[in-house]
Amino acid sequence: RLMKQGVEIYDADSCYIEPTVRIETGTRLLPGTMLKGNSIIRSGSVIGPWSVIENAEIGERSVINASQVYNSKVAADVQVGPYAHLRDGAQLGRGVKIGNFVEVKNSTLGENTWASPLSYLGDAEIGERCNFGCGTVTVNYDRVEKHKTTVEDEAFIGCNSSLIAPLHIGKGAYIAAGTTVTKDVEPDSLVIGRVRQTVKKEWAKDHKVKEKK
């Protein structure tokens, strides 16, 4: 029935679609796709290969590549994956890009914000045109309660940064790579919170273990 209505299904034998799912004309379903619950797949989107979507809305022309989306909302022209995970309450604005091995939970990402590989964004409100380098973590849980991270428009978060919630990062701020941020950041500021590099010349040569003959 879906194929007759204009939905492209590349391998019907490997796709699983529950009858409660709504799929618009012009959608492409690649092999291994699983669509469950009250999901809505808008026109022009590409789902798969090997993607799971449950109780989520996927906007027009968005791509969900080898990823899982649960109880979330994805706007138009979004790219997710491969191997990304959108958990309960994730809301992605138009043009957002979520890279491989990125997890988003209970967070809102504004238009044209990018999160590169290997990052966790949880309990966060993130503005437009922000960039998250790989290895960024919102540290949201203190073993008792979850805390919120707010990042305003056009902030740049360097690789391997830890944002210790509760935290507010102002518009246009820069967080240097490898920084642990524990205090609010004013707009257009640069934050560097890492140990200064020390070089001890020829230390390795003097401390090498002597090989036994």
Side-chain angles (χ1 to χ4, degrees), residues 1-122 124-134 136 151 153-157:
R1 176 178 58 83
L2 289 170
M3 295 172 73
K4 290 179 179 179
Q5 292 174 353
V7 175
E8 295 184 44
I9 301 178
Y10 282 61
D11 182 6
D13 290 336
S14 68
C15 290
Y16 176 87
I17 305 169
E18 292 186 347
T20 51
V21 174
R22 190 169 121 210
I23 307 175
E24 295 184 352
T25 299
T27 298
R28 289 189 288 160
L29 305 182
L30 304 185
T33 294
M34 296 183 67
L35 305 178
K36 305 170 71 176
N38 295 314
S39 296
I40 301 174
I41 314 298
R42 300 293 184 188
S43 178
S45 58
V46 180
I47 312 298
W50 313 114
S51 291
V52 179
I53 297 174
E54 183 173 353
N55 296 321
E57 180 176 347
I58 309 301
E60 294 88 348
R61 301 174 302 279
S62 289
V63 177
I64 311 297
N65 178 13
S67 299
Q68 300 195 7
V69 182
Y70 299 96
N71 303 303
S72 299
K73 187 173 182 178
V74 175
D77 303 307
V78 170
Q79 296 184 29
V80 176
Y83 313 120
H85 186 190
L86 306 185
R87 291 169 55 195
D88 293 5
Q91 297 189 54
L92 309 185
R94 181 185 293 270
V96 166
K97 292 185 179 180
I98 299 296
N100 50 300
F101 302 106
V102 172
E103 182 174 342
V104 180
K105 188 270 293 186
N106 190 33
S107 296
T108 300
L109 279 65
E111 293 187 4
N112 298 308
T113 283
W114 293 9
S116 296
L118 302 167
S119 293
Y120 171 70
L121 304 177
E125 184 175 342
I126 299 166
E128 300 178 358
R129 301 177 299 281
C130 294
N131 185 90
F132 289 81
C134 63
T136 297
V151 181
D153 297 348
E154 300 172 359
F156 183 94
I157 313 299

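Note: hydrogens, waters and symmetry copies are ignored here, and every other heavy atom, side chains too, is used.
Closest non-hydrogen pair, A75 versus S62, comes out as O-OG, 2.7 Å. The nearest pair of heavy atoms linking C15 to G32 is SG-N, 4.4 Å. Shown here for S72 and G89, the closest heavy-atom pair between the two residues is OG-N, 4.0 Å. Nearest heavy-atom pair, I9 versus M3, reported as atom, atom and distance to 0.1 Å: CD1-CG, 3.8 Å.
Remark: the backbone N or O of K105 is paired with a side-chain donor or acceptor of S107 at under 3.5 angstrom. Of the possible donor and acceptor atoms, none in the side chain of S116 sits under 3.5 Å from a partner among the backbone N and O of G99. Looking only at distances, no side-chain donor or acceptor of T25 sits under 3.5 Å from a matching main-chain atom of S43. Remark: the backbone N or O of G37 is paired with a side-chain donor or acceptor of T20 at under 3.5 angstrom. Within the 3.5 Å criterion, the main-chain N or O of S67 finds a donor-acceptor partner in the side chain of S51. Of the possible polar contacts, one joining the S39 side chain to the A56 backbone as a donor-acceptor pair under 3.5 Å is found.
Remark: N106 pairs with D123 by the side chain to side chain contact (heavy atoms under 4.5 Å, CB included) rule, at least two apart or across chains. Y120 pairs by the ring-ring contact (aromatic ring centres under 6.0 Å, His included) definition with nothing, not counting sequence neighbours. Shown here are the side chain to side chain contact (heavy atoms under 4.5 Å, CB included) partners of Y70, two or more places apart in sequence or in another chain: V52, E54, Q68, H85, D88. Not counting sequence neighbours, N38 has no partner by the side-chain hydrogen bond (donor to acceptor under 3.5 Å, both in side chains) test. Judged as a side chain to side chain contact (heavy atoms under 4.5 Å, CB included), and not counting sequence neighbours, the contacts of Y10 are E8, R28, L30, P31. Listed by chain and number, the residues in a side-chain hydrogen bond (donor to acceptor under 3.5 Å, both in side chains) with E60 amount to none (sequence neighbours excluded). With sequence neighbours excluded, no residue forms a side-chain hydrogen bond (donor to acceptor under 3.5 Å, both in side chains) with Q5. By the side chain to side chain contact (heavy atoms under 4.5 Å, CB included) test, N112 is found to be paired with R129, residues two or more places apart in sequence or in another chain being considered. A search for side-chain hydrogen bond (donor to acceptor under 3.5 Å, both in side chains) contacts involving S14 returns D11, not counting sequence neighbours. With sequence neighbours excluded, no residue forms a salt bridge (Lys or Arg N to Asp or Glu O under 4.0 Å) with E128.
Listed by first and then second residue, the ring-ring contact (aromatic ring centres under 6.0 Å, His included) pairs that reach into residues 89-115 are Y83-F101, sequence neighbours excluded. Residue pairs satisfying the side-chain hydrogen bond (donor to acceptor under 3.5 Å, both in side chains) criterion with at least one member in residues 89-98, sequence neighbours excluded, are listed as follows: D77-R94.
Side-chain contact between I58 and V80 is absent, with no heavy atoms from C-beta onward closer than 4.5 Å. Inter-residue side-chain proximity for L29 and L35 is flagged as met; some heavy-atom pair is nearer than 4.5 Å. The shortest side-chain heavy-atom distance between F132 and V102 does not fall under the 4.5 Å cut-off. Residues I98 and L109 meet the side-chain proximity criterion, which asks for heavy atoms closer than 4.5 Å. R22 places a side-chain heavy atom less than 4.5 Å from the side chain of R42.
Annotation: the span from E154 atom CD to C130 atom SG amounts to 8.0 Å, rounded to 0.5 Å. The CG atom of L2 sits 5.0 Å away from the CD1 atom of I23 when rounded to the nearest 0.5 Å. Separation of atoms CD1 (I64) and CD1 (I41) is listed at 8.0 Å; rounding is to 0.5 Å. Atom OG1 of T136 and atom CG of L121 lie 7.5 Å apart (nearest 0.5 Å). The CD1 atom of I17 sits 10.5 Å away from atom CD1 of I53, with the distance rounded to the nearest 0.5 Å.
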